[in-house]
Amino acid sequence: MTNATRPRGLHVQTWGCQMNVYDSARMVDALAPLGFTLQPAPEGADLVVLNTCHIREKASEKVFAELGRLRRLKEARAAEGGRMLIAVAGCVAQAEGAEILRRAPYVDIVLGPQTTHRLPALVARADAGERALLDTEFPAEDKFDHLPEEAAPQGISAFLTVQEGCDRFCSFCVVPYTRGAEQSRPAAAVLAEARRLVAQGTREITLLGQNVNAYHGIGPDGREWGLGRLIRALAELPGLDRIRYTTSHPRDMDDELIAAHAEVPALMPYLHLPVQSGSDAVLKAMNRRHTADEYLRLVERLRAARPDLALSSDFIVGHPGETEADFEATLALVRRVGFASAFSFKFSPRPGTPAAEAKDQVDEPTKDRRLRTLQAVLRDQQAAFNAALLGRTVAVLFMEPGRHQGQMVGRSPFLQPVHVQGPTTLAGEIRPVTITAIHPNSLAGRLADAAPAAEAA
Ligand code: SAH
Ligand code: SF4
Ligand code: F3S
């Protein structure tokens with residue numbers, strides 16, 4: 001057997017956003033021809049890839065903690081006469097680059113989010129004895145033009161990156177620096193990938209981009225397509241039942257996309273639309289380029305288009321300059337909108353971003369208190385949203401067996417996990433489920449179209 005096809009173990013650990021999940025899956029596909037197959041733990045692996053996130057300080061720190069652990073595994077492997085390669089990919093790799101090789105000299109490969117397609121070549125060079133390989137440039141060629149032809153099935157619900165990078169430069173955010181300038185994939189490439197996913201059993205696709213609704217790819221007709229147009233084309237693929245997209249910027253929500261929410265049944269009634277703050281002063285300092293009122297009017301238009309639309313958001317508390325009154329404005333906005341779910345964070349100063357340099361930083365105890373207050377309100381809203389479904393029947397796309405015997409888990413249109421007692425053959429089916437109980441992180445229900453005897457089976 002040649003070196004290239006010798007069976008080898010690959011362990012991949014992924015942090016951060018869904019785009020990293022997507023990139024990890026592509027790296028696994030790209031490494032398969034070299035004989036690599038995935039294994040669930042790093043012990044005994046021939047290659048460990050850490051696909052990292054730089055968005056907040058804690059996320060980055062975790063990488064170095066994990067590297068310390070891998071170093072011991074690598075040494076143990078070497079003591080047995082084997083060799084474990086360690087690769088650091090993703091946004092920490094992009095931001096820290098050579099610093100990683102300095103702090104953790106046992107790392108073999110450092111590659112950025114735009115050079116994931118070069119990983120097999122880097123591994124081959126490491127196999128040949130080269131050390132400390134660094135590839136974090138923004139290459140002229142596009143990683144999407146180098147997607148492997150063979151790809152493992154991505155499951156019933158799959159991610160599909162349509163847009164990468166960001167030109168918005170929010171005051172606090174590293175993404176424009178780690179992912180680079182905004183670029184959209186051609187619509188034909190997206191449609192081809194979606195067709196392949198559907199042929200492999202995918203029923204739901206979540207379109208991904210750091211600023212996905214800024215999508216402006218070239219269409220097969222030679223014109224620029226917005227996300228609304230792309231969604232309409234995807235909705236025509238037979239077998240693709242559900243479409244979602246994330247993450248959107250309020251300023252990039254155009255009429256065509258809002259209309260798609262009204263007119264495309266496959267587009268699910270759940271939208272993640274980060275607002276970050278409800279204070280105009282803070283929104284301005286954040287360079288978000290919209291006011292709280294503009295956000296509220298946008299929400300009204302979206303709900304007019306799709307009355308059952310569930311909204312989710314991201315919030316940052318304690319951005320530099322945030323006063324108590326600013327924070328109150330955020331709470332007021334939250335109460336006005338009513339969110340089905342939300343993510344909220346304490347402002348984390350990121351090196352190189354304007355907000356990190358600002359003089360008027362908010363102290364930690366204040367950030368802690370505001371986060372607790374905000375999260376309590378958001379938690380109540382989520383609980384109320386879930387509770388309102390009790391006794392109602394919703395369409396659930398089933399994915400996989402649950403933790404308990406005879407249990408199957410799927411997702412409601414509003415992205416809530418729903419579990420029922422039912423056969424494994426439910427996987428990939430959309431069935432009506434009557435919600436019978438509300439748990440903190442999921443809903444329980446029973447199949448509304450099954451005879452009681454069949455259910456018990
Ligand atoms: N593209 C998305 C967000 C990407 S990052 C958007 O435009 O909204 C995901 C979330 O992380 C952000 O929405 C923000 O709420 C949070 N975040 C980003 N940078 C942060 C920082 N420096 N400190 C705290 N939270 C941050
Ligand atoms: Fe970051 Fe999103 Fe702002 Fe872009 S739009 S800079 S990804 S928070
Ligand atoms: Fe993190 Fe990079 Fe995504 S910083 S959130 S992995 S774009």
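These values consider heavy atoms only, across backbone and side chains, with no hydrogens, waters or symmetry-generated copies. Order of appearance sets the numbers: ligands from 1, and atoms from 1 within every ligand.
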Pairing of [X] and [Y] as salt bridge, 4.0 angstrom limit:
| X | Y | answer |
| --- | --- | --- |
| D255 | R301 | yes |
| D108 | K74 | yes |
| E324 | R369 | yes |
| K346 | E364 | yes |
| D29 | R26 | yes |
| D293 | R297 | yes |

Look at [atom] and say which protein heavy atom is nearest, naming residue and atom and giving the distance to 0.1 Å.
| atom | answer |
| --- | --- |
| atom 14 (C) of ligand 1 | Q276 OE1, 3.4 Å |
| atom 16 (C) of ligand 1 | R56 NH1, 3.2 Å |
| atom 19 (N) of ligand 1 | F172 CD1, 3.3 Å |
| atom 18 (C) of ligand 1 | I55 CG1, 3.5 Å |

Please work out whether the ring planes of H419 and H439 are parallel, tilted or perpendicular, with thresholds of 30° and 60°.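 Parallel.
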Classify the angle between the aromatic ring planes of Y295 and F339 as parallel (below 30°), tilted (30 to 60°) or perpendicular (above 60°). tilted
Of the backbone atoms (N, CA, C, O) and the side-chain heavy atoms from C-beta on, which set of [X] has a member under 4.0 Å from an atom of ligand 1: side chain, backbone, both, or neither?
| X | answer |
| --- | --- |
| R168 | neither |
| S348 | both |
| F345 | side chain |

Can any side-chain N or O of [X] pair as donor or acceptor with the backbone N or O of [Y] at less than 3.5 Å?
| X | Y | value |
| --- | --- | --- |
| H272 | T246 | no |
| E164 | T161 | no |
| T178 | Q94 | no |
| N213 | H249 | yes |

For [X], take its heavy atoms, then give the atoms of ligand 1 lying under 4.0 Å from any of them.
| X | result |
| --- | --- |
| R350 | 22 (N) |
| P274 | 8 (O) |
| F347 | 23 (N), 24 (C) |

Which protein atoms of type N, O or S are found under 2.8 Å from atom 2 (Fe) of ligand 3?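 Correct list: C91 SG.
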What does the 4.0 Å heavy-atom contact list look like for ligand 2?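 For ligand 2, the residues that come within the 4.0 Å heavy-atom cutoff are C166, R168, F169, C170, F172, C173, V175, P176, H249, R288.
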May I ask whether [X] has any heavy atom positioned less than 4.0 angstrom from an atom of ligand 1?
| X | value |
| --- | --- |
| R288 | yes |
| V175 | no |
| N211 | no |

Test item: protein heavy atom less than 4.0 Å from atom 4 (C) of ligand 1: no
Carefully, step by step, assess E75 and R71 under the rule salt bridge (Lys or Arg N to Asp or Glu O under 4.0 Å). CA-CA 6 Å; E75 286 167 356; R71 172 192 203 159; 3.2 Å; yes
Considering K346, Q210, H272 one by one, which has a heavy atom nearer to atom 1 (N) of ligand 1 than any of the others?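 The residue whose heavy atom sits nearest atom 1 (N) of ligand 1 is Q210.
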Per atom 2 (C) of ligand 1, closest listed option by heavy atom (T247, V174, D314, L273):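 The nearest heavy atom belongs to T247.
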With no hydrogens and no angle check, just 3.5 Å: does a side-chain donor-acceptor pair link [X] and [Y]?
| X | Y | value |
| --- | --- | --- |
| T14 | N20 | no |
| E204 | S157 | yes |
| Y270 | S412 | no |
| H319 | Q276 | no |

Would you please test R232 and E263 for salt bridge (Lys or Arg N to Asp or Glu O under 4.0 Å) and show each step? CA-CA 9 Å; R232 280 177 204 273; E263 293 156 20; 2.9 Å; yes
Do ligand 1 and C173 have nitrogen or oxygen atoms that lie under 3.5 Å from each other? no
